[in-house]
Asker: 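One structure, as structure tokens, below. Some questions next.
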Amino acid sequence: MLKDYFEVPNKPAIKSGNVLSCDFTDHETFIPQPLDFTRNTLATYVDCNGFIKYSGITNNELVINGNFDTDTDWNLTSNAVIANGFVKLDSTFGVSYSRCRQNNAAIINLVEITFTIKSNNGIGVMQIRNYGGGNTTNISSLDVGTHTVYINYSSQGISFQASSGRIIEIDNVSVKQIDLNTPRIDYLTEIGKAKELQKPSLLLEPQSTNLFPKSNDVDATAANKLENQITSPEGLQNAALYVENTATASHGAIKSGIFPTAGATTYTLSVFAKAKERHLLRLNLYADGTSNLTDNFDLINGTVSDANSTIEDFGNGWFRCSTTKTVTNSGGYNFAAVYMGKATNTYYYEGDGTSGLYLFGFQVEQQNHATSYIPTSGSTVTRNREVCNNAGQLGVFNSKEGVLYAEIARTSDNANYELMAISDGNPNYQNLVALGFDANNNEIWYRAKLGNTDLIIVSAGAPIAPQNEFIKIAVKYKSGDSKVYLNGVLIDSTTTTASTSVEFTTFDFNFVNIYPFYGKIREIKAFRRALTDTELIELTNNIT
């Protein structure tokens, strides 16, 4: 027998039980209702330790003897030697290449490859290829340290090949499969909290492209760039230090030629920054011969005064700074810049030659907000929109009475309705219970309709949902007694009567395939009975 409620998402969010569940008055377990989920591209999230990771990377190691503990499992040719716990590729003695490879049937499709460079003479190119050749990724600049690449293999096995006079020593090779359709369970809002108190959220975002072709290879301007100085938000030592020179100038980082379209277009520039001697930062989207400077981002206090800018705390002194501007791109100037400030609203000054700050992960998107970090390493990269729908079935929901509850946060200034709904699955707007965010003014939106009659629907002047702040909302639907509670407070009620013979059959984060919900979701619950006022207050009481 079904209980009085079910919850989603669950199948895509399992971690020590259902991470998106919470206690109600009886502390019972909700009935799982799996969701369909697709994205088909790489995407990042923030893990429970506060580091940026790719979603869908398995824990199964595909390579054998990746630590080169023994002289086995690898096919060595042309002066390749395994000794002292690493492999040495040497193409300097009369050979055109030196290679180690492993014919492993499991290494196919999209994989994450990590490896450590112990030494490198910096001459020529290293290639990562299929075992039998082809599908080649050339890597010309390899600093000592750990590196990660993502390659879509068309045939089995992996090969490391040094050519053109290169001598390179490699250790700690790891290859792991990636599932591109794994939902992202994000912990960004939980950074700094004890793990037992963390409440992660399902992250759903629209399609977006990082227009920086190399997100961590951005030129310095009136500054010196020192690579791999400290641990970045990825948890790797790959963040750069930008040190101002002694010129009277704008000191920082710059990239030209990044806006691809003309006309009135909105872009968002974002970058991760951490204070050193300098703790003030300014962002500039420069086009049309016009400088679109933000006010200073304060990397000590985590504040910015510009209404079109945001600053997010990523822990360990790192902040993600972003600014949104509309440009026409008709004047021939076309670049994004990040400037160090010596004083508030001052970015043009005489440098001392020693002061600077850390920068990592540059991103420009044709969006009205910064989406999750999209790493690039030689070309622009697009993350597809996420589609999450088709939970539930006939008999799971109650079309006569019940409650739809959500703990959600919007992540953008909405250009369209963003809705989730229980419905009969038809785009007729006749049998549904929906909630989310309005296209105008970022207001909260809700509706319950049976047949041709609205039991309850949001009116003008609904409460605003602050960006990136979670709300708890419950829509109770019952003929003659419908109510909406927000954060423990009754905000709407009606005594309208209505009925329908049509059954609710599905829950979607993409209401009738027209209004997809994008944002963060901690919890969704659909109750099969109309809760009491006391229960609704307890359910939506906004205590975190």
Side-chain angles (χ1 to χ4, degrees), residues 9 12-13 19 37-57 112 148 150 178-191 198-212 214-216 232-236 238-239 266-273 283 309-316 318-324 359-377 380-388 408-415 418 467-470 509 516-522:
V19 297
F37 179 89
T38 56
R39 184 181 54 241
N40 294 317
T41 52
L42 285 168
T44 64
Y45 71 102
V46 177
D47 72 5
C48 61
N49 297 308
F51 295 130
I52 296 172
K53 302 293 182 184
Y54 275 116
S55 179
I57 298 174
E112 177 193 69
T148 302
Y150 299 87
I178 300 176
D179 179 1
L180 295 177
N181 290 317
T182 299
R184 294 181 287 169
I185 308 303
D186 188 82
Y187 289 77
L188 177 58
T189 56
E190 308 304 300
I191 291 176
Q198 289 179 335
K199 296 173 64 178
S201 56
L202 174 68
L203 177 61
L204 300 177
E205 291 186 305
Q207 177 176 306
S208 194
T209 300
N210 186 357
L211 301 175
F212 271 100
K214 294 183 179 181
S215 55
N216 283 302
S232 77
E234 287 185 322
L236 303 173
N238 59 354
T266 299
Y267 294 97
T268 295
L269 166 64
S270 59
V271 67
F272 296 91
L283 302 184
S309 301
T310 61
I311 185 168
E312 292 181 284
D313 190 346
F314 270 69
N316 196 30
W318 283 101
F319 292 91
R320 193 182 192 199
C321 306
S322 66
T323 190
T324 300
L359 298 174
F360 172 83
F362 292 78
Q363 188 157 306
V364 165
E365 307 167 77
Q366 192 173 322
Q367 298 279 357
N368 66 1
H369 68 290
T371 69
S372 58
Y373 177 45
I374 305 173
T376 61
S377 57
T380 63
V381 172
T382 297
R383 181 198 60 246
N384 288 344
R385 64 174 285 228
E386 290 161 305
V387 178
C388 194
I408 53 179
R410 70 174 182 88
T411 54
S412 68
D413 290 331
N414 307 320
E418 297 182 346
Q467 188 171 350
N468 292 317
E469 291 187 18
F470 281 91
F509 280 114
F517 181 90
Y518 297 122
K520 296 179 179 181
I521 307 102
R522 281 181 175 165

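Quick caveat: nothing in here was measured; it's all calculated off a predicted structure.
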Asker: Just to verify, which of T266, T371, T268 counts as forming a side-chain hydrogen bond (donor to acceptor under 3.5 Å, both in side chains) with E365?
Answerer: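 Among the candidates, only T371 passes.
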
Asker: For a quick check under 3.5 Å, do S270 and S322 share a side-chain donor-acceptor pair by atom type?
Answerer: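 Result is no, nothing qualifies.
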
Asker: Which heavy atom of P206 sits nearest to which heavy atom of R383, and what is that distance?
Answerer: O-NH2, 3.2 Å

Asker: With sequence neighbours left out, what residues match Y518 under ring-ring contact (aromatic ring centres under 6.0 Å, His included)?
Answerer: none

Asker: Do N468 and T411 come within less than 4.5 Å of each other through their side chains, counting heavy atoms only?
Answerer: yes

Asker: Looking at Q367 and Q207, would you say the former's side chain and the latter's main chain have a donor-acceptor pair under 3.5 Å?
Answerer: yes

Asker: Between E234 and K53, which heavy-atom pair has the shortest distance, and what is it?
Answerer: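 Result for this residue pair: O-NZ, 3.6 Å.
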
Asker: Restricting to side chain to side chain contact (heavy atoms under 4.5 Å, CB included), what partner residues turn up for N216, sequence neighbours left out?
Answerer: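 Expected list: F360, Y373.
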
Asker: Would S55 and R184 count as having a side-chain donor-acceptor pair, cut-off 3.5 Å?
Answerer: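 R184 and S55 do not have a side-chain donor-acceptor pair below 3.5 Å.
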
Asker: Please name the pair of heavy atoms, one in V381 and one in P375, separated by the smallest distance, quoted to 0.1 Å.
Answerer: CG2-O, 3.8 Å

Asker: Any side-chain to backbone donor/acceptor pair from N210 onto V364? Under 3.5 Å, distance only.
Answerer: yes

Asker: State, to 0.1 Å, how close N181 and R39 come at their nearest heavy-atom pair, and which atoms those are.
Answerer: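 Here N181 and R39 meet closest at OD1-N, 2.7 Å.
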
Asker: Parallel, tilted or perpendicular for F314 and F272, by the 30°/60° rule?
Answerer: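 Ring orientation, 0 to 90° scale: perpendicular.
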
Asker: What residues form a side chain to side chain contact (heavy atoms under 4.5 Å, CB included) with Q366, not counting sequence neighbours?
Answerer: T261, T265, Y267

Asker: Minimum heavy-atom separation for F509 and L202, please, with both atom names.
Answerer: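 That would be CE1-CD2, 4.2 Å.
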
Asker: For C48, does its backbone N or O pair with a side-chain atom of Q198 as donor and acceptor, under 3.5 Å?
Answerer: yes

Asker: Checking T382 against T41 for the side chain to side chain contact (heavy atoms under 4.5 Å, CB included) test, could you report, in this order, the C-alpha distance in whole Å, the side-chain angles of both residues, the deciding distance, and whether it holds?
Answerer: CA-CA 8 Å; T382 297; T41 52; over 6 Å; no

Asker: Using the side chain to side chain contact (heavy atoms under 4.5 Å, CB included) rule, take S412 and N368 through it: C-alpha gap first, then chi angles, then the decisive distance, then the call.
Answerer: CA-CA 7 Å; S412 68; N368 66 1; 4.0 Å; yes

Asker: Restricting to non-hydrogen atoms, name the atom on L203 and the atom on E386 that form the minimum distance, rounded to 0.1 Å.
Answerer: O-OE1, 3.5 Å

